[in-house]
There are 2 protein chains.
Amino acid sequence: MATPLPPRRRPTMVDVAARAGVSRALVSLVFRGQPGASAETRSRVLAAAEELGYRPDSAARLLARGRSRTLGVLMTVREPFEADLVEAIYPEAERLGYEVLLSARTPGRDEATAVEGLLAHRCEAIVLLGPDVDDAFLAELGVRTVAVVVGRAAPGLDSVHSADAEGVRQAVDHLVGLGHRAIVHVDGGTGPNAAARRTGYLDAMAAHGLADRARVLPGAYHEDAGIAAAQALLAGPELPTAVLAANDRCALGLLDTLRRNGVDVPGRVSVVGYNDDRLARLSHVDLTTVRQDAGLLARHAVRAAAARLDDPDLAPGETELTPELVVRGTTAPP
Amino acid sequence: MATPLPPRRRPTMVDVAARAGVSRALVSLVFRGQPGASAETRSRVLAAAEELGYRPDSAARLLARGRSRTLGVLMTVREPFEADLVEAIYPEAERLGYEVLLSARTPGRDEATAVEGLLAHRCEAIVLLGPDVDDAFLAELGVRTVAVVVGRAAPGLDSVHSADAEGVRQAVDHLVGLGHRAIVHVDGGTGPNAAARRTGYLDAMAAHGLADRARVLPGAYHEDAGIAAAQALLAGPELPTAVLAANDRCALGLLDTLRRNGVDVPGRVSVVGYNDDRLARLSHVDLTTVRQDAGLLARHAVRAAAARLDDPDLAPGETELTPELVVRGTTAPP
DNA sequence: CGGAGCGACTAGAGCGCTCTAGTACCACGA
DNA sequence: TCGTGGTACTAGAGCGCTCTAGTCGCTCCG
């Protein structure tokens with residue numbers, strides 16, 4: 001019993017072929033589901049593979065076949081809206097016969113690094129979720145590979161995003177309709193689309209003849225920015241009657257800080273978010289927000305990538321989806 | 001100008017070698033940072049590669065080299081605590097010379113599928129974050145590859161988790177110390193470690209002579225469970241003075257629902273979470289919770305994987321880290 | 001002056017697959 | 001009898017790398 005375990009080598013096609021008494025090529029055929037093997041042989045091969053615990057090596061497969069049929073997705077690991085997107089990307093990719101590889105940007109790992117990782121693993125196309133990089137980087141990436149940008153426009157590349165200005169306009173319309181005049185916007189700073197949302201806000205205010213009431217507070221796309229903005233508002237001379245946050249996470253920070261300081265929402269101040277991510281929908285949050293349909297965005301992105309892989313000469317397209325205001329419990333007449 | 005673009009083939013080592021006027025092998029040497037190339041040649045090779053936009057193909061590299069030096073991580077895309085873990089895994093993996101590939105379980109994509117994807121991409125080891133599968137599956141995986149389980153014990157495999165019973169005990173001690181007697185536990189249902197936390201709670205209560213006051217409410221590891229539990233408590237004959245939630249997300253739902261129903265936290269009811277994920281730390285949440293050190297868990301997990309890859313005969317080990325109660329603003333004397 | 005030793009470089013096999021171009025065999029029709 | 005066409009299968013090249021076993025000049029030393 002002192003025999004050492006055989007060096008538990010991963011079984012290969014050769015092993016399966018030997019065991020099934022056929023050639024390597026036949027095994028390959030069977031595993032690719034191609035015709036040319038009799039039903040009887042097919043099942044013998046499958047059985048042999050099963051017994052050996054064989055599973056095709058995708059590196060070798062990748063190398064041999066020109067294509068990897070793998071989609072790389074660049075994401076942020078703690079962004080609820082991106083989580084919604086990722087969840088919707090998997091089924092659509094599978095439907096089109098693509099695998100998905102995820103790579104996360106984190107505080108210590110920038111987008112370039114994350115993308116390089118995906119590229120080295122031979123992803124045929126990269127889907128970038130809300131990338132926060134400059135257009136030059138994207139353009140260069142677009143030359144090197146197929147890239148689809150989700151969540152913002154990207155000149156020269158395929159992009160899928162929602163009409164931010166339109167979404168913000170709906171939110172402003174809603175608030176004005178309720179009777180609000182003092183409507184503040186906490187913006188997304190230099191984040192993706194922040195500029196679009198900001199100008200959308202300013203334009204919408206102007207359209208209602210409230211250009212002089214417009215007020216933009218510097219913010220960002222996370223809770224802390226909402227907290228800071230709320231504190232700034234509380235410290236100011238007078239609270240606005242409504243706040244339009246850069247996104248839901250920002251709105252959450254804002255909401256909570258206001259409430260903790262005794263400000264009734266929506267009684268005294270109305271709050272509107274942006275994205276309609278899972279957090280906003282939680283019944284205890286019940287945030288009025290602008291919905292971007294994550295499933296639709298994801299499906300469009302995957303399809304754009306697939307279409308471009310099928311035909312590289314396709315002109316890059318910008319898909320703009322119309323967002324939709326979802327009125328919930330954080331808005332009311334002033 | 002009608003010349004079609006040359007079929008934008010990805011450049012290979014051969015191209016670089018040709019351009020630099022050296023052999024393929026030399027280029028390989030340079031890219032692996034091995035000695036054996038003069039500084040002058042080295043920079044010529046690098047320059048040629050740069051000009052061509054060459055990047056090593058990791059599929060081919062993987063195939064040629066026996067090892068892929070890639071770690072697969074199974075995660076849930078919307079779990080804040082797992083996000084903390086993932087963020088900590090990257091730097092540690094890099095330090096040890098491993099790449100990281102992420103694969104997400106989602107409602108429509110189970111753990112087995114996610115793991116298969118990683119395996120097909122030749123991950124040498126799989127790190128499973130809070131897997132919700134049975135031990136048989138884990139055991140089988142452990143035979144097929146190197147697997148490290150994070151967040152729960154796994155017989156026969158390497159695992160890294162914190163001492164849940166101990167963490168819960170600290171929380172109960174803290175509450176009892178504040179004067180609480182009516183302490184309810186909203187549990188994690190069938191989720192990983194839920195049982196450990198539940199018995200930890202029951203034991204701790206018993207240790208304080210409060211066995212007959214112990215009360216467990218069925219719950220789960222998400223906000224909705226917290227909301228439901230809060231509603232159940234509010235509908236009950238009498239509110240407890242303290243609630244110990246299954247995790248932070250559950251605590252959050254609970255907290256918010258209580259507050260929205262006019263229950264002062266911590267004035268009337270104290271709430272304790274579990275995990276200390278980023279959400280709990282947000283200043284507007286300020287949750288008293290049991291901290292599991294994500295960074296430490298992640299580092300241990302990566303190191304365990306690496307150690308086992310270096311020496312497959314290593315006995316599998318269970319690392320239990322001691323959690324630590326973090327007292328914040330949601331607990332006070334009854 | 002004849003190697004030994006060393007640094008710089010190359011040839012070529014092989015990693016586990018895919019895929020094209022076959023071969024072998026069996027009806028079946030003329 | 002000989003194709004003819006179809007089905008079942010195989011041989012072997014090649015994907016882009018790595019890595020072992022070299023070769024080719026040098027310098028250096030006894």
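Letters A, B, ... are given to chains in the order of the sequence lines, protein chains preceding strands, and every chain is numbered from 1.
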For the pair made of CG in L29(B) and P in dG7(C), what is the distance, rounded to whole Å? 14 Å
Per R61(A) side chain, nearest of listed nucleotides dC17(D), dT18(C), dC15(C): dT18(C)
Rounded distance (Å) that lies between atom C1' of dG16(D) and atom OH of Y54(B): 8 Å
How about CD on E50(A), more than 12 heavy atoms from neighbouring residues, nucleotides or ligands closer than 6.0 Å, or not? no
From the set dA11(D), dT10(C), dT18(D), return the single nucleotide nearest to any side-chain atom of A25(B). dT10(C)
Euclidean distance, atom CG of residue L63(B) to atom P of dC19(D) [Å, nearest integer]: 12 Å
In this structure, how many angstroms lie between the P atom of dT10(D) and the CD atom of Q34(A), rounded? 16 Å
Can you tell me if T12(A) touches the phosphate of dG16(C), counting only side-chain N or O atoms and a distance under 4.0 Å to OP1 or OP2? no
Just by distance, no angles: are the side chains of R67(A) and Y98(A) close enough, under 3.5 Å, to form a donor-acceptor pair? yes
Rounding to an integer number of Å, can you tell me how far L52(A) CG sits from dG16(C) P? 14 Å
So what does A37(B) hit on the nucleic acid, given a heavy-atom distance under 4.0 Å: a base, only sugar-phosphate, or nothing? sugar-phosphate
Distance check needed: dG16(D) C1' versus R65(A) CZ, whole Å only. 16 Å
Under 4.0 angstrom, heavy atoms only, what part of the nucleic acid is V22(B) near: base, sugar-phosphate, or nothing? sugar-phosphate
Side chain to side chain contact (heavy atoms under 4.5 Å, CB included) with E82(A): which of L129(A), V150(A), L74(A), N275(A)? L129(A)
Short side-chain N/O contact to dC9(C) OP1/OP2 from T41(B), under 4.0 Å: yes
Does any donor atom in the side chain of H161(B) or Q292(B) lie under 3.5 Å from an acceptor atom in the other side chain? no
Using only modelled atom types and a 3.5 angstrom limit, is any donor from either the side chain of R67(A) or the base of dT18(C) paired with an acceptor on the other? no
When we call it a touch if two heavy atoms are under 4.0 Å apart, what does R122(A) touch: a base, just sugar-phosphate, or nothing? sugar-phosphate
With nearest nucleotide decided by heavy atoms, which residue, A64(B) or S23(B), maps closer to the 5′ end of DNA chain C? S23(B)
Give the rounded distance in Å between these two atoms: CG of L62(A) and C1' of dC17(D). 13 Å
Would you tell me if any nitrogen or oxygen in the side chain of S38(A) comes within less than 4.0 Å of OP1 or OP2 on dT7(D)? no
If you count the non-hydrogen atoms of other residues, nucleotides and ligands that lie under 6.0 Å from CD in E111(B), is the total more than 12? yes
Would you name the heavy atoms of G317(B) and D158(B) that are closest together and state the gap between them? N-OD1, 2.9 Å
Identify whether any heavy atom of S58(B) sits under 4.0 Å from a base atom; if not, whether one sits that close to sugar-phosphate; answer base, sugar-phosphate or nothing. nothing
If the cut-off is 4.0 Å, is R32(B) near the phosphate of dC19(D), judged by side-chain N/O to OP1 or OP2? yes
dG14(C) C1' sits how many Å from M13(A) CE, rounded? 17 Å
Is there a side-chain contact between S28(B) and the phosphate of dT18(D), meaning an N or O under 4.0 Å from OP1 or OP2? yes
